[in-house]
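What follows is one structure encoded as structure tokens, with my remarks underneath.
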Amino acid sequence: MFYICLIWLGQFILLSIFLALSGCFSGESTSNEPEKPSTPSEEGKENEQESSGPKILRLNNNEEPGSLHPGTAQGTHDSWILEHAFEGLTKKTPEGEIVAGMAESWEPSEDGLTWTFKLRSDAKWSNGDPVTAHDFEYAWKYALNPETASTYAYQLYYLEGGEAYNSAEEGADLAALEAAVGVKAVDDTTLEVKLAQPTPYFLDLTSFYTYYPINKAVQEANPNWYQEAESYVSNGAFKLTEWKHKESMKLAKNENYYEKDKINLDEVQFVIIDDENTSWQMYQSGELDLVYPLPQDVIGQLKAENNPEFEIGSDLSVYYYNLNTEKAPFNNAKIRKALSMAIDRETIVEHVAQGGQSPAYSVVPPGIPDVAGDFQENTGKLFEANIDEAKKLMEEGLAEEGLDKFPAVTLTYNTSEGHKMIAEAVQEMWRKNLGVEITLENVEFQVKLDREKAGDYQISRAGWVGDYVDPMTFMDLWVTDGPYNDANWSNAEYDKLVNLAKTTMNQEERMKAMHDAEKILMEEMPIVPIYFYTKPFTVKPHVTGIFTPINSYPQFIYADITN
């Protein structure tokens with residue numbers, strides 16, 4: 001969902017902003033003429049909000065949410081809404097500290113296997129119902145239920161019996177397996193959690209959206225409650241009040257939220273736009289207050305001029321390409337490595353992405369502590385660009401597969417001018433450096449996700465934002481049959497090392513295991529890392545309090561609108 005514009009061979013390509021979109025919320029119309037991006041603070045004065053009126057923040061979400069149910073959501077286009085409409089046992093401050101959320105306190109046992117959470121007594125759902133420990137138990141078991149088919153259920157495998165329940169075969173005693181899952185509401189305000197093994201980052205996980213509660217009564221009365229605003233019930237700082245599918249959404253301050261006095265915004269309005277140029281045009285005309293992602297040519301200009309409305313937040317994420325290892329010729333590791341080694345990542349980040357990204361020669365991004373220092377910095381480069389070696393590997397790999405030349409293949413990416421520009425750059429590098437010709441295909445984001453899960457692709461653009469601050473949030477993606485192992489790759493030694501890192505509390509041992517596993521991943525190259533993300537966005541001067549966690553979109557829970 002990121003945004004890359006192509007400056008290629010010294011030529012600067014400025015994409016035309018083509019869509020004159022009516023003011024989705026303001027009643028104003030945008031102009032067909034693109035504005036100069038150098039002075040956004042001088043534009044859109046006629047649309048700025050009066051200080052005496054309601055405080056409304058206007059944003060763009062670049063895709064229609066796939067699911068706004070905590071148990072079945074799986075993308076950032078879902079999580080940006082969920083992170084503000086729901087709250088878990090814990091939450092994070094703007095500084096990244098884990099603090100009390102729905103739970104006012106917690107106590108782990110000495111062996112780290114049992115956690116007891118005490119819920120706050122003033123926690124309520126947006127419909128006025130009390131939030132209880134039973135809602136948490138119900139939600140976690142709902143996500144683990146194999147009939148739910150939650151792709152994120154594996155994040156609950158840390159619970160005792162979680163994996164056994166979710167992996168149950170047809171005919172198994174589901175009721176017994178569910179009862180054995182290590183989460184239990186002792187009473188309305190006491191939740192007892194039993195883990196399969198000590199998990200150093202478990203408290204961090206309790207702030208992640210798969211661990212959010214759902215209102216048991218609402219779910220049982222209407223299993224489709226999350227598909228429309230009229231039936232939507234949540235427990236966070238905001239509630240969903242309007243959802244015009246594939247067009248717009250509105251969130252309003254939740255008056256039942258226990259910290260409602262700390263919430264300054266009255267309403268948040270989203271337009272759903274997958275074209276960065278249109279979003280940028282609306283920002284310039286004053287119809288949007290914050291835009292993320294941005295067109296790449298705009299990023300380059302705003303960065304160069306040090307524009308005060310432009311910010312670059314850090315990001316715990318990696319941009320990469322999946323290679324479907326179950327489809328020839330990507331079953332051959334030499335061919336996969338050749339494709340990776342033929343990409344000039346420095347050119348992509350400096351002249352295409354332009355948002356302060358760094359080239360990726362591994363998969364775990366910067367920002368995660370190691371035993372000492374930073375995990376990614378300690379990893380260093382696990383491979384390098386080398387055209388001569390790439391040509392040699394490609395020739396050997398094709399010979400091993402009995403191929404005279406590289407076959408016709410398609411690179412699929414979700415609709416975005418940025419992804420298109422990255423794909424065009426890589427397409428040209430492969431043509432020039434290896435003589436490989438590929439076709440590009442763009443589809444909607446949800447379509448891309450569905451096709452990846454079905455294995456219906458050859459090469460696909462992908463990105464992963466860490467769910468918690470530990471290398472494991474990346475390393476367990478590619479275990480055999482992992483739900484997000486869209487490359488369909490399998491390596492027994494890799495699985496063994498990841499499992500070791502999950503089951504030992506010895507930090508030196510677990511970090512070494514993950515470093516070793518990452519080396520295997522990059523030697524086999526089922527995925528091709530391109531760069532480590534940043535979060536470049538623009539925000540109007542009258543908006544304050546936006547913060548950017550390392551693994552989330554810009555957060556507006558404590559935002560305010562000033563004069």
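Values below: all heavy atoms of this structure, side chains included; hydrogens, waters and symmetry mates excluded. Since the model is a prediction, treat every value here as computed from it, not as a measurement. Along the sequence shown, residues carry numbers from 1.
- If you take CD1 on I550 and NZ on K535, they are separated by 7.5 Å, rounding to the nearest 0.5 Å.
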Exercise. Taking it one step at a time, do T116 and E107 satisfy side-chain hydrogen bond (donor to acceptor under 3.5 Å, both in side chains)?
Worked result: CA-CA 5 Å; T116 303; E107 186 69 37; over 6 Å; no
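- Checked against side chain to side chain contact (heavy atoms under 4.5 Å, CB included), D470 has the following partners two or more places apart in sequence or in another chain: Y201, Y468, M472, R510, M511, M514.
- Below 30°, between 30° and 60°, or above 60°: for W140 and F136 the angle between ring planes is above 60°, a perpendicular geometry.
- Here the two rings, on Y319 and H419, have centers that are under 6.0 Å apart.
- Scanning for side chain to side chain contact (heavy atoms under 4.5 Å, CB included) contacts around E228 gives E230, S231, H245, with sequence neighbours left out.
- For T189, the side chain to side chain contact (heavy atoms under 4.5 Å, CB included) criterion is met by K118, L119, D187, not counting sequence neighbours.
- Within the 3.5 Å criterion, the main-chain N or O of L316 finds no donor-acceptor partner in the side chain of N551.
- For N442, the side-chain hydrogen bond (donor to acceptor under 3.5 Å, both in side chains) criterion is met by T415, not counting sequence neighbours.
- Taken to the nearest 0.5 Å, the CG atom of D111 stands 9.0 Å off from the CG atom of L195.
- The closest donor-acceptor contact from the side chain of E192 to the backbone of T190 lies at 3.5 Å or more, if one exists at all.
- N222 is linked by a side-chain hydrogen bond (donor to acceptor under 3.5 Å, both in side chains) to nothing, counting only residues two or more places apart in sequence or in another chain.
- With ring centers used as reference points, Y209 lies 6.0 Å or more from Y211.
- Proximity of a side-chain donor or acceptor of T473 to a complementary backbone N or O of G466 within less than 3.5 Å is not detected.
- Counting all heavy atoms, side chain and backbone alike, A462 lies closest to K448 at CA-NZ, 4.2 Å.
- Take R451 and apply the salt bridge (Lys or Arg N to Asp or Glu O under 4.0 Å) test, not counting sequence neighbours, and it matches E441, D456.
- Between the N485 side chain and the V479 main chain, a donor and an acceptor come within less than 3.5 Å of each other.
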Problem set entry | salt bridge (Lys or Arg N to Asp or Glu O under 4.0 Å) between D289 and R58, intermediate numbers included | CA-CA 5 Å; D289 301 306; R58 299 161 301 180; 2.9 Å; yes
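- In this structure, Y283 and L288 approach most closely via the heavy-atom pair CD1-O, 3.4 Å.
- Pairs engaging residues 77-93 under the salt bridge (charged side-chain N to carboxylate O under 4.0 Å, His left out) rule: E87-K91, K91-E259, K92-D204 [sequence neighbours left out].
- A salt bridge does not link D266 with K253: every distance from a Lys NZ or Arg NE/NH1/NH2 to an Asp or Glu carboxylate oxygen is 4.0 Å or more.
- Within a 6.0 Å sphere centred on CD of E444, heavy atoms belonging to other residues, nucleotides or ligands number 12 at most.
- Between Y320 and W478, the gap from one ring centroid to the other is short of 6.0 Å.
- Listed by chain and residue number, T72 satisfy the side-chain hydrogen bond (donor to acceptor under 3.5 Å, both in side chains) test with S67 (two or more places apart in sequence, or in another chain).
- Checked by atom type, the side-chain pair N307/E305 shows a donor-acceptor distance below 3.5 Å.
- The shortest side-chain heavy-atom distance between I272 and E63 does not fall under the 4.5 Å cut-off.
- Between I56 and Q269 there is a side-chain heavy-atom pair separated by less than 4.5 Å.
- The aromatic ring centres of H69 and Y226 sit less than 6.0 Å apart.
- A donor-acceptor pair under 3.5 Å is formed between the side chain of T93 and the backbone N or O of E95.
- Among the candidates K540, K262, K55, the single residue satisfying the salt bridge (Lys or Arg N to Asp or Glu O under 4.0 Å) test with D560 is K55.
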Side-chain donor-acceptor pairs under 3.5 Å in residues 98-106, sequence neighbours left out?
none

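- Less than 6.0 angstrom separates the ring centroid of Y292 from the ring centroid of Y553.
- With values rounded to the nearest 0.5 angstrom, E178 atom CD is found 6.5 Å from N145 atom CG.
- Looking only at side-chain heavy atoms (C-beta outward), K141 and V183 come within less than 4.5 Å of each other.
- Separation of atoms CE (M249) and CZ (F270) is listed at 7.5 Å; rounding is to 0.5 Å.
- Of the options Y257, F556, W80, Y558, a ring pair (Phe, Tyr, Trp, His ring centres under 6.0 Å) to F238 is made by F556 and by none of the others.
- Checking W225 against N215 by side-chain atom types alone, no donor-acceptor pair falls below 3.5 Å.
- Closest heavy-atom contact between T548 and G313: OG1-CA, 4.0 Å.
- No side-chain donor-acceptor contact under 3.5 Å links N254 and S126.
- The local environment of CD in E220 is crowded, with over 12 non-hydrogen atoms from other residues, nucleotides or ligands closer than 6.0 Å.
- In this structure a side-chain-to-backbone donor-acceptor pair under 3.5 Å is missing from S279 to N60.
- Side chain of N166 to backbone of L144: a donor-acceptor contact under 3.5 angstrom is found.
- For the atom pair CG (N277) and CE (M282), the distance works out to 13.5 Å, reported to the nearest 0.5 Å.
- Checked by atom type and distance alone, the side chain of S234 never pairs as donor or acceptor with a backbone atom of K239 at under 3.5 Å.
- For E163, the side chain to side chain contact (heavy atoms under 4.5 Å, CB included) partners are Y157, S167, not counting sequence neighbours.
- Of the residues listed (Y142, Y484, Y212), the one engaging Y152 in a ring pair (Phe, Tyr, Trp, His ring centres under 6.0 Å) is Y484, and it is the only one.
- No donor-acceptor pair closer than 3.5 Å links the side chain of K194 to the backbone N or O of V181.
- Counting only distance, with no hydrogens or angles, the side chain of S109 and the backbone of T114 share a donor-acceptor pair below 3.5 Å.
- Qualifying side-chain hydrogen bond (donor to acceptor under 3.5 Å, both in side chains) partners for N306, counting only residues two or more places apart in sequence or in other chains: none.
- Considering OG1 of T562 and CG of N264, their distance stands at 10.5 Å, rounded to 0.5 Å.
- A donor-acceptor pair shorter than 3.5 Å can be found between the side chains of S416 and E276.
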For this session: Go through the steps to decide whether W115 and L191 satisfy the test side-chain contact (heavy atoms from CB on, under 4.5 Å), and finish with yes or no.
Result: CA-CA 8 Å; W115 290 72; L191 186 72; over 6 Å; no
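- Side-chain atoms of H77 and N61 form no donor-acceptor pair, as typed in the model, at a separation below 3.5 Å.
- A search for salt bridge (Lys or Arg N to Asp or Glu O under 4.0 Å) contacts involving D486 returns K453, not counting sequence neighbours.
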